[in-house]
Amino acid sequence: MSKRTPSLMRLLALLAVLMVLGGCAQKPVTEPKRSGVGFYFDTVVTATLYDAPEGTLDQIWAECERYEKLLSKTIKGSDVYRINNAGGQPVTVDPETWEILRRAKEISRMTGGAFSVTIAPLTAMWDFTDGTQRMPTDEQRLAALPLVDDSAIILGENNTVTLPAGMEIDLGGIAKGYIADKVAEMLRDKASGVILSLGGNVYVLGRKPDGAAYNVGIQDPDGKSGEVMAVVSTTDSSVVTSGIYERQFVKDGTLYHHILDPVDGLPSRSDLASATIVAASSMDADALATACIVLGREEALRFMREHGVEGVLVTRDRQVYKHQTSETFQLNMLVDIPVQ
């Protein structure tokens, strides 16, 4: 055996130290993959966590239950229930409810009323889920239109909310996004990777165990449920899709879907079949995806450009439009349709 020189010995020792330090720099996966399914806000909630401590899923379900009791329109004693049944009197609400309403009013103003939480009296007249195909008469619909006005919500000091008598709010178009934001915030330091889904609201944090970004599918508006036409690859972002295919029925040869236009109380007749928004705020993405459907392709793209909103729009005649200002996401088409 040859005799090693002092310089060679020092080099080998240095390499050994670097190997140890390199191993320490990589965070080991100490906990298994954890997945769970819950049912809140009339939707399926799923969570997949990597490297998360035991009990984290229980914390997620506890938060979902807390928010449901706080924000549900139908649970007696919730903030929304108390606002709707206050007969025009001020109601003191949780600071989180107040903040959601503040942002809802702001987005309503920004979108020219295309998004509205005071549309509740109109949505109550339609049934897109129980098979009754219930819809309002023209007289009923026109009588409810004056009650749709988010600017009439008065947000006072000390978290007070005043809603004119006869009006109602429904946070279904924004609350799930807010909850996704808050749950994601809670999980940010608890797991190396997170996939959280509240119906059409998906929030992803970190990366897959192999270091890749997460893929979130965009439903094909003309396909079966779960049949995707494109994939959004992203991380540390929320991906929210709203589409006219989600809840609908056909009556006397006419298609009726659940995204109502606050202007006339009828299902939106714009040229958009779906809108997908990719953003750091799931609350904003939630509301804006709905607003884009109402606005239609031309107005939605103009709004996205003016406000720096990123996402993908699919028209009823299967044209795909993308607006992107950063490297937040990568769009991969799975069908042979050019992206404009």
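- For the pair Arg103 and Asp284, the salt-bridge criterion is met [side-chain N within less than 4.0 Å of a carboxylate O].
- Taking the charged nitrogens against the carboxylate oxygens, Glu185 and Arg188 have no contact shorter than 4.0 Å, which rules out a salt bridge.
- In this structure a side-chain-to-backbone donor-acceptor pair under 3.5 Å is present from Lys105 to Asp150.
- Between Glu299 and Phe303 the shortest side-chain heavy-atom distance does not fall below 4.5 Å.
- No donor-acceptor pair closer than 3.5 Å links the side chain of Ser237 to the backbone N or O of Ala280.
- Residues Val204 and Asp236 are not in side-chain contact: their nearest non-hydrogen atoms beyond the backbone lie 4.5 Å or more apart.
- Ion pairing between Arg318 and Asp220 holds under the 4.0 Å rule for side-chain N and carboxylate O.
- Contact annotation: the side chain of Val161 approaches that of Ile153 to within less than 4.5 Å [non-hydrogen atoms, C-beta and beyond].
- Geometric assessment of Arg297 against the ring of Tyr321 yields a positive cation-pi assignment under the 6.0 Å and 45° thresholds.
- For residues 136-159, no residue pair satisfies the ring-ring contact (aromatic ring centres under 6.0 Å, His included) rule, not counting sequence neighbours.
- Residues Gly38 and Trp61 share a closest heavy-atom pair of N-CH2, 3.7 Å.
- With values rounded to the nearest 0.5 angstrom, Ser78 atom OG is found 8.0 Å from Asn84 atom CG.
- Side-chain contact, Tyr67 with Glu96: a donor N or O sits under 3.5 Å from an acceptor N or O.
- Under the 4.0 Å criterion applied to side-chain N and carboxylate O atoms, Glu310 and Lys322 are not assigned as salt-bridge partners.
- Taken to the nearest 0.5 Å, the OG1 atom of Thr46 stands 8.0 Å off from the CG atom of Leu198.
- Here CG of Asp286 is found 8.0 Å from OG of Ser238. Values are rounded to the nearest 0.5 Å.
- A donor atom on one side chain and an acceptor atom on the other are found under 3.5 Å apart for Asn215 and Ser233.
- Between the side chains of Gln89 and Thr162, no donor-acceptor pair of N or O atoms lies under 3.5 Å.
- Proximity of the aromatic rings of Phe249 and Phe128 is defined here by a centroid distance below 6.0 angstrom, and this criterion is met.
- A donor-acceptor pair shorter than 3.5 Å cannot be found between the side chains of Thr254 and Asp252.
- Put simply, CD1 on Ile244 and CG on Leu255 are 6.0 Å apart, with the number rounded to the nearest 0.5 Å.
- With no hydrogens or angles considered, no side-chain donor-acceptor pair links Gln248 and His258 at under 3.5 Å.
- Residues forming a salt bridge (Lys or Arg N to Asp or Glu O under 4.0 Å) with Glu227 (at least two apart in sequence, or on another chain): none.
- In summary, the side chains of Asp130 and Thr132 do not present any donor paired with an acceptor at a separation below 3.5 Å, with no hydrogens or angles considered.
- Judged by distance alone, the side chains of Gln330 and Asn332 do bring a donor and an acceptor atom under 3.5 Å apart.
- In this structure, Arg269 does not pair ionically with Asp261, as no charged nitrogen and carboxylate oxygen lie closer than 4.0 Å.
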